[in-house]
Amino acid sequence: MKKLSIGSIQKRKGTFPLVMITAYDALFARLFSESADILLVGDSLNMSFGGNNDTLSATMEQMIYHTQAVCKGAPETFVITDMPFGTYTEKATALSNALRIYRETPADAIKIEGGADKAYLVKHLVDNGFAVCGHIGLLPQAVRAEGGYKVKGKSEEEALSLIADAQAIQQAGAFILVIEGVKADVAARVAQSVSIPVIGIGAGNGVDGQVLVFSDMLGLYEPFVPKFVKQYMNGAVSVKEATKTYANEVQNRSFPDENYVY
Ligand code: KIV
């Protein structure tokens, strides 16, 4: 599949849903690239791959390393890289860290979390030549500040605030927006309130595309399965069964048999 341009991504607004999946390495990126429009090197890698409880300790070095791997595995797929927590606290920091991502990886765009309060940062990055993906609603990087992962859009006040967030991020120049953990009817209103594509995660079907964390989508991550996650395979079961069979065959010396020797 040929890499989508920002223009062709934006033309998908309100038409054919965009498919986004997280990817953290070349192996899976290559497999996903056959079906995904966009790969997201999400800082969620700090949880499923890093074994941490949240995304907050992800570093620039990790994001750069994983983005390089993803881009090598899927050179023809549009790649967005998450800017980790604490790397865009003000304009100068945001710019120097975004520059590192563009200089040290071929990522096509960067993503930062936050609504209207972060619009000035989005604008600064866009003004300096970056393609920026916004991220509103439930913000994983705010988990400690908010004391948990809280679904948003439960009141009319929250709905209006999300619409204001989306419009501010669009106004600041973001070309696409992720909306996470928002009541489906509110997410649909948000999507209708802007002209950029809105990609949902735990935000229902009234948006312009979907993103899932790949280890959730493949049923590989067992510690916690959010309600919105559909597991498209029993990855954890398959991996454990295969490993057990391998272990048994090593232990009873049935592997390697004559088919697997030089
Ligand atoms: O880090 C990530 O994987 C993300 C998705 C949850 C959208 O930001």
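Both ligands and their constituent atoms are indexed starting at 1 by order of listing. No experiment lies behind these values; they were computed from the predicted model shown.
- Using a 4.0 Å cutoff on heavy atoms, His135 counts as a contact of ligand 1.
- Near Glu180, the atoms of ligand 1 lying under 4.0 angstrom from a non-hydrogen atom of the residue are 6 (C).
- When side chains are defined from C-beta on, Gln10 does not count as touching Ile176, because their heavy atoms never get closer than 4.5 Å.
- Residue contact check: Val213 has heavy atoms under 4.0 Å from atoms 3 (O) of ligand 1.
- Taking atom 8 (O) of ligand 1 as the reference point, the nearest protein heavy-atom neighbour is Lys111 NZ, 2.8 Å.
- Remark: ligand 1 atoms within the under-4.0 Å shell around heavy atoms of Ile201 are 6 (C).
- Residue, atom and distance of the protein heavy atom nearest to atom 7 (C) of ligand 1 are Leu40 CD2, 3.7 Å.
- Residues Glu104 and Met60 form no side-chain contact, since every pair of their non-hydrogen atoms from C-beta on lies 4.5 Å or further apart.
- Ring orientation note: the planes of Phe255 and Tyr246 are nearly perpendicular, at an angle over 60° on the 30°/60° scale.
- Distances between N or O atoms of Tyr24 and those of ligand 1 include no value under 3.5 Å.
- Checked by distance only, ligand 1 and Asp82 come closer than 3.5 Å through their nitrogen or oxygen atoms.
- Proximity of Leu95 to Tyr88: side-chain heavy atoms (C-beta onward) are nowhere separated by under 4.5 Å.
- Annotation for Lys123: atom NZ does not count as buried by contact number, only 12 or fewer foreign heavy atoms lying within 6.0 Å.
- Glu158 has no carboxylate O lying under 4.0 Å from a charged side-chain N of Lys150, or vice versa, which leaves the two without a salt bridge.
- Scanning all protein heavy atoms for the shortest distance to atom 2 (C) of ligand 1 gives Ser44 OG, 3.3 Å.
- Residue-ligand proximity, Gly42 to ligand 1, at heavy-atom distances under 4.0 Å covers atoms 1 (O), 2 (C), 3 (O).
- Here the two rings, on Phe32 and Phe78, have centers that are 6.0 Å apart or farther.
- Of the charged side-chain nitrogens involved, at least one lies within less than 4.0 Å of a carboxylate oxygen, so that Asp108 and Lys3 count as a salt-bridged pair.
- Every atom of ligand 1 is numbered from 1 in the order shown, and the set under 4.0 Å from a heavy atom of Thr22 is 3 (O).
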